[in-house]
Amino acid sequence: MTARSTTAALPVPAAGSADAIHALLAAGSIANVSLVSAVDSPGIDKKAARLLDALAAILVSRAQHEVIAIGAQVQHSNDLSDHSGKLQLVLAANAALPQTIQAYLEEVWKCMQLLAERRQQLRPPEAKDQQRARMAGLIYRHNFPKFLRRVRKREAAALRFVEAMRNHVTGEDVLQYGSTAAVISMLNSYSKLIDLLSAHQVGGKNEVSVDVVSDPDFLPIMDGLWLAFRILRSLGDHSFHLWGLRLPDHSTVALWRFFNKVTLIHGSIAELESAACSTRLYRLFRKKLFVEIVDHPRMTVTLPTSKDAWVTLIDMALNTAQPLKPIEPRVIQSTAAALSTRFSDKSVSCEIHCECKILQRFATTTTYKIKPINYIGVSKLSCTGCTAVFDSYNELQNSQGHRFYTRGAHGKWYFPWFLPKVGGGEKQIDFTNRVYMKLAGQYAQYLKTVALSDSGALSEGSQEVSAGTPEDFMFLEANALELLDKIKA
């Protein structure tokens, strides 16, 4: 490490300050740092957590660059015999939410309430199916730009993979290996989906009428695609070599990752239906729903103003982290030069990330009679800055303190990013120091290792998978054999 006598003269944020945190995140963002750490989330209701993650996922509507978080607080009636009460859902996003988001969420919630009611009533299955279809239609229409982008993103490569599998798999393989039947069935459903989208195309490949969602073939195709993918995941990595395969022309994109994204919304719909019919959660849907949208103004961050200032900031981070092996000065110099060039505009407008907006809302509100649910659903895994925020906040809570968790981290560093407030005075100072120390340690680790270009974690989706029924496997076999018969014909 380098020792510099000019530290006091340079406009460098103090170590452990919010400004130093912002500068560290800026430094990590241009290096594509990706260091995934284990996420500890004890003491959460997994069913409620999956419900909140599914709600966050279905709230996304833009094709790109939208992340949404959702928190919840349950208020029960004073009358113990009355299961009614109030459910407050708190929404936040990394960008402005559409004005229709509240009405849309309320409509979806009404569908779930009806599903929960019908759970207790002796109604024909058709009534449940109709309500589920209505809910699915609402969700796919809202999410359609994102859904279409996921489906189309690797379409050509995926179809080439379909063709390759058709040429190498026989009917005997399908009947002998359940995983092979699942793979072929999944690819068959995907091919049908592409054909259906093409039939509703109104312009270029990415110009498809949202009315495709109302086509009578749409939901059955998505049901088949989701069933095959879910069962294939439940069989485990050892059951089939699919998970080791890469899409043609996209060597870093695993096939399972692609289909995980394609089926994400359908998996979320299944999770919502499961929550509405849950013996533990169905009473939640008796409560009156209130929706609150929280936001905070963007803040301006001032970054170091020269290469030497960046060198000093990196030195301070390394001194804080105390890496076992000193970092060569040439590494620091070249890194600082790149940072100085990248951030020539020293003032950057920054947003608090959506899960941190909700944490700030919950952590700084002192009027709660009943504490919020300790889990915040997010439509994507959290970045490194947000992970450091939640870890640091939870460390500050004593044995009686209320911790908050999200479903995990993808390990990448994003900037612009702004540090949330979790309190005042000494609490905020202690919190800021903890966040800084975590980020300084990870940045030091990056400087002494080769930065990973991608995360091994799923970027989206948190559905729980389960083994299929014998009827499910019979469906998969029939679906797969149908595809093979078409090829021979």
Side-chain angles (χ1 to χ4, degrees), residues 45 47-63 65-75 84-119 130-147 210 213-214 264-278 281-296 353-359 361-362 372-373 375-380 406-407 460-463:
D45 184 328
K47 193 72 177 178
R50 292 198 300 272
L51 169 60
L52 289 173
D53 279 334
L55 287 172
I58 68 160
L59 290 173
V60 174
S61 61
R62 298 179 183 176
H65 310 308
E66 185 176 37
V67 187
I68 294 179
I70 182 167
Q73 183 191 23
V74 178
Q75 295 182 9
S84 65
K86 172 183 176 181
L87 173 65
Q88 179 92 28
L89 294 180
V90 182
L91 311 185
N94 286 359
L97 287 167
Q99 294 182 347
T100 57
I101 194 77
Q102 181 171 339
Y104 160 68
L105 179 55
E106 289 171 349
E107 282 298 308
V108 171
W109 196 259
K110 287 178 183 177
C111 292
M112 297 179 69
Q113 287 177 319
L114 290 172
L115 286 171
E117 288 177 8
R118 292 192 171 105
R119 172 192 176 278
Q130 290 173 2
Q131 199 58 46
R132 174 185 178 272
R134 180 174 178 272
M135 180 174 72
L138 283 170
I139 292 171
Y140 270 112
R141 282 181 174 273
H142 176 82
N143 185 263
F144 192 70
K146 186 72 172 179
F147 169 75
V210 72
V213 171
S214 301
L264 173 65
I265 288 301
H266 215 75
S268 297
I269 292 170
E271 195 63 64
L272 297 181
E273 183 183 4
S274 174
C277 300
S278 167
L281 293 183
Y282 77 92
R283 291 184 179 88
L284 190 66
F285 301 98
R286 296 182 181 179
K287 302 184 184 301
K288 189 173 181 180
L289 178 68
F290 292 85
V291 178
E292 176 188 0
I293 297 175
V294 298
D295 200 6
H296 302 284
H353 279 194
C354 55
E355 58 265 54
C356 291
K357 289 179 182 178
I358 294 180
L359 177 66
R361 167 74 169 77
F362 287 158
I373 293 175
Y375 188 88
I376 296 174
V378 192
S379 60
K380 284 190 176 182
T406 64
R407 63 188 170 91
E460 300 177 74
S462 63
Q463 296 87 14

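There is no side-chain donor-acceptor pair under 3.5 Å between Arg50 and Ser274.
For Glu106, there are no salt bridge (Lys or Arg N to Asp or Glu O under 4.0 Å) partners two or more places apart in sequence or in a different chain. The ring-ring contact (aromatic ring centres under 6.0 Å, His included) check on Tyr140 picks up Phe147, Phe218, His266, with sequence neighbours excluded. With sequence neighbours left out, Arg62 forms a salt bridge (Lys or Arg N to Asp or Glu O under 4.0 Å) with no residue at all.
Checked by atom type and distance alone, the side chain of Lys357 pairs as donor or acceptor with a backbone atom of Ala93 at under 3.5 Å. Judged by distance alone, the side chain of Gln113 and the main-chain N or O of Phe285 form a donor-acceptor pair under 3.5 Å. The backbone N or O of Cys354 lies less than 3.5 Å from a partner atom in the side chain of Asn94, making a donor-acceptor pair.
Here the side chains of Val90 and Gln73 are not in contact, with every heavy-atom distance at 4.5 Å or above. Taking the side chain as every heavy atom from C-beta outward, Lys146 and Ser61 never approach each other to under 4.5 Å. Using a 4.5 Å heavy-atom threshold, the side chains of Phe290 and Leu89 count as separate. For the pair Ile70/Val378, no side-chain contact is recorded, criterion being any heavy-atom separation below 4.5 Å from C-beta on. You'll find the side chain of Leu284 reaches within 4.5 Å of the side chain of Leu51, heavy atoms only. You'll find the side chain of Val108 reaches within 4.5 Å of the side chain of Met135, heavy atoms only. Between His142 and Ile101 the shortest side-chain heavy-atom distance falls below 4.5 Å. Side-chain contact between Leu289 and Val291 is present, with at least one heavy-atom pair separated by less than 4.5 Å.
Distance check, rounded to the nearest 0.5 Å: CD1 of Ile376 to CD1 of Ile358 gives 5.5 Å. Here Cys277 contributes atom SG and Leu272 contributes atom CG; the two are 11.0 Å apart, rounded to the nearest 0.5 Å. Here the CG-CE distance, from Leu281 to Met112, works out to 8.5 Å after rounding to the nearest 0.5 Å. To the nearest 0.5 Å, atom CG of residue Leu59 and atom CG of residue Asn143 are 9.5 Å apart. Taking CD1 of Ile58 as the reference point, atom CG of Asp53 lies at 12.0 Å (rounded to 0.5 Å).
Look at Arg361 and Glu292 and you find a salt bridge, because one of the NZ, NE, NH1 or NH2 atoms lies within 4.0 Å of a carboxylate O, short of that distance. One finds no salt bridge joining Lys380 and Glu355 here, because no Lys/Arg side-chain nitrogen approaches an Asp/Glu carboxylate oxygen to under 4.0 Å.
The residue from Glu273, Arg132, Arg134 that alone fulfils the side-chain contact (heavy atoms from CB on, under 4.5 Å) condition with Cys111 is Arg134.
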